[in-house]
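A short worksheet on the structure shown next.
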Amino acid sequence: MALKTSPEVGGMGHSIKRKEDPRFIRGKGTYVDDVVLPGMLYLDIVRSPFAHAKIKKIDISKATAIPGVLAVITGQDLAKYNLHWMPTLMSDTQMVLPVEKVMYQAQEVAAVLATTRYAAADGVAAVEVEYEPLPVVVDPKKALEPGAPVLRTDKKDKKDNHIWHWEWGNKADTDRAFTEADVTVKQDIYIPRIHVASIETCGCVAHFDKVNDKLTVWMTTQAPHVIRTVFALVAGHVGLEEHKIRIISPDIGGGFGGKVPVYPGYVIAVAASVLTGKPVKWIEDRMENLQADSFARNYHITAELAATKDGTLTALRIKTLADHGYTDAAANPSKFPAGLFHVCTGSYDLKAAHVEVDGAYTNKPPGGIAYRCSFRVTEAVHTIERMVDIMAHQLGTDPAEFRMKNFIKPEQFPYKSALGWEYDSGNYAGALHKAMDTIGYAELRREQAEKRKRGELMGIGISSFTEIVGAGPSKHFDILGLKMFDSCEIRIHPTGKAIARFGTKSQGQGHETTYAQILAEELGIPAKDIKVEEGDTDTAPYGLGTYASRSTPVAGAAAAMASRKIQDKARKIAAHLLEAAPEDLVWEPGKFSVKGAPNRSKTIQEIAFAAYTNHPQGMEAGLEAVSYYDPPNLTYPFGSYICVVDIDKGTGDVKVRRFVAIDDCGNIINPMIVQGQVHGGLSMGLAPALFEEISYDEIGNVQGGSFIDYLLPTAVETPKWETGHTVTPSPHHPLGAKGVGESATVGAPAAIANAVVDALWHLGVRHIDIPITPPKVWRLLRDKGVTE
Ligand code: CDP
């Protein structure tokens, strides 16, 4: 993309340094835990050791005797205000604090309020809870078997653990395509429960100011406006109406979807502050965070792919069981209980597809958050990319060649997928060719053949993924009825500097920089002269927040549209100043000049000053605009990743030797930030591919509830990422941009899994579920008789 602005202006395409970094790298950020208010109290939570148990008695006497402990709040206390249950974002219900029984290990049972964090923790240890263990349901398949204990006994008519059945696509056409197919492959694929493990855990400081009748909550939320509305809907009946609530998301240390839902701790802290009239701080510790909230994935998939014998893909059929834990608290758009899983036809021109998903309750904490993922796209991409690889190997075709043959071709865009999505633009072969050239694909295949002769295990894996981001067009996308638009409000000050406020909220993505760059591009005001603010519901325009890579596709578009409104008004003011007709003015970033007389011009700064000092009679003063942008479609970023692995036959250890990632997110706002997003995303894709899993034993004890067991890759395990891009603009986005934040997390696991299976296919290995740990690989090698 040709640059329209100078480096000094810093519009789109300039790798300007992040404006927010000076405060972050100097330790001067303001995170929730940095908020300290006079007289602040501390909240800590008693959690259940059982995954399913009746609460027979809670004895708080020892706890309240501890100096500094002021109160112990139980479900019974909240029940007096009807606040012991709350709605989830998927219109299910979730306990704030239990009255009758607990449903998962580490569930909140009671909360201790104290004058210090330490007293609160001592209080937690002193609360005595008598439980009566109940049968535990861990396996979602068993949860749906007849006779399984019914978990949601709070729902009067509920007779089983089935939450919902959802299907999409044409079943008859798909079944027919399978009957007629020359070749079919079928595979069970488990995508385990994982955790976002942000640097910062969840927490809040709630301050109910009795004098001014106003609740302010600083909280780790990716969607402050939605939270305000949900709080008002849940607690309006006790006087917390929406205009009396201010939610502030200060700096956030990573969200990745985990900071979208409302967790019980937030609600208890708010209730405690309202009851005491004092500020109350609640901050999860690391193990609470890893054990109780922010879980994703957990899909049990059976996928089938059909093809003709010449290797043309024809149909895809998928059945999935979604383990939601004890409540459906996924953060999906309301109409899509399985998120956007039905983008599972991926980058391929399939004529028929049918997908079914069933949700099940189990004795686990709620899951289903969109972990760096547009609502189940990671599950979709992993499935189709694994299946395409299996089919290619089955047919004895090179996986790259097979993909090239079956890709949707550039001339087919806009492309209507078999499952109804309208892909905006793409050039999948272009990205794969670039990845193959960068990594030296042909040479690697030769090396692999040589090594195989010597008995060495080397694999090459490809993932050519298509993403779907920018939720979303209001005709289909809402959360609890709130349409998924987003917003930008711009005010240009008299001296030509500006403030822009957004309904989104960065958690490290660099919005303060990139949104300023969009305004710089559209208005010619240097990015350094533009202050970007997000996350304060008292000042920012209403928006649905940041997750699922929606900021650029939706709020970024709002920034462009609001800028254009400002440009329209600026044209009229310039015409007045230059005594010319508005249509006789020519715009170049930062100034209007008279057609044919380039010396007669007015800069945007001069125009801004005139907007307050010398604007035309009859025109309102000021230079401000707001845009609530309802995207006409989603954007479909894509990429091709190639991974090379070497497998140690003695230990089963998989070493990622090389990883090339070619991404396409349309026009790029800041190439350096995009590269950073891809680097981080790749590391978060490597993690579930090789290391991370939250599992439970048969009585619901969490395995992986601390960083001893939940293995985050460090710099030592992370390979050097080789990144590049192609540019295929979105035709409907005002800047031609698509989202990018999650692409790499979505695309990377399949490339790694495909590389491992590619290394082992000749031994008869067809599939390995992620995480592909050394013991798993070693056992396979032992079974095949090839361990050293
Ligand atoms: O919603 P979220 O911010 O997580 O995701 P995003 O819209 O994909 O943006 C992530 C970061 O990459 C932001 O700072 C964007 O402005 C930047 N970006 C970019 O510079 N160019 C693009 N085409 C897309 C994103």
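Counting starts at 1 for both ligands and their atoms, following the listed order.
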Please determine if Arg550 forms a cation-pi arrangement with Tyr547, meaning its NZ or CZ atom is less than 6.0 Å from the six-membered ring centre and no more than 45° off the ring axis.
yes
Other residues, nucleotides and ligands only: do more than 12 of their heavy atoms fall within 6.0 Å of NZ on Lys17?
no
Kindly write out the residues that satisfy side chain to side chain donor-acceptor pair (under 3.5 Å) with Thr220, not counting sequence neighbours, or none if the list is empty.
Tyr266
Applying the side-chain hydrogen bond (donor to acceptor under 3.5 Å, both in side chains) test to Tyr542, which of Asp486, Thr537, Thr229 qualifies?
Thr229
Is it true that Glu467 and Lys738 make a salt bridge, defined as a side-chain N closer than 4.0 Å to a carboxylate O?
no
Criterion side chain to side chain contact (heavy atoms under 4.5 Å, CB included) against Ile468, the qualifying member of Leu634, Asn633, Asp424:
Leu634
Taking non-hydrogen atoms within less than 4.0 Å of ligand 1, which protein residues qualify?
Gln509, Gly510, His511, Thr514, Thr546, Ser549, Arg550, Ser551, Thr552, Pro553, Cys665, Asn667, Ile668, Ile669, Asn670, Ile673, Val674, Gln677, Ala737, Lys738, Gly739, Val740, Gly741
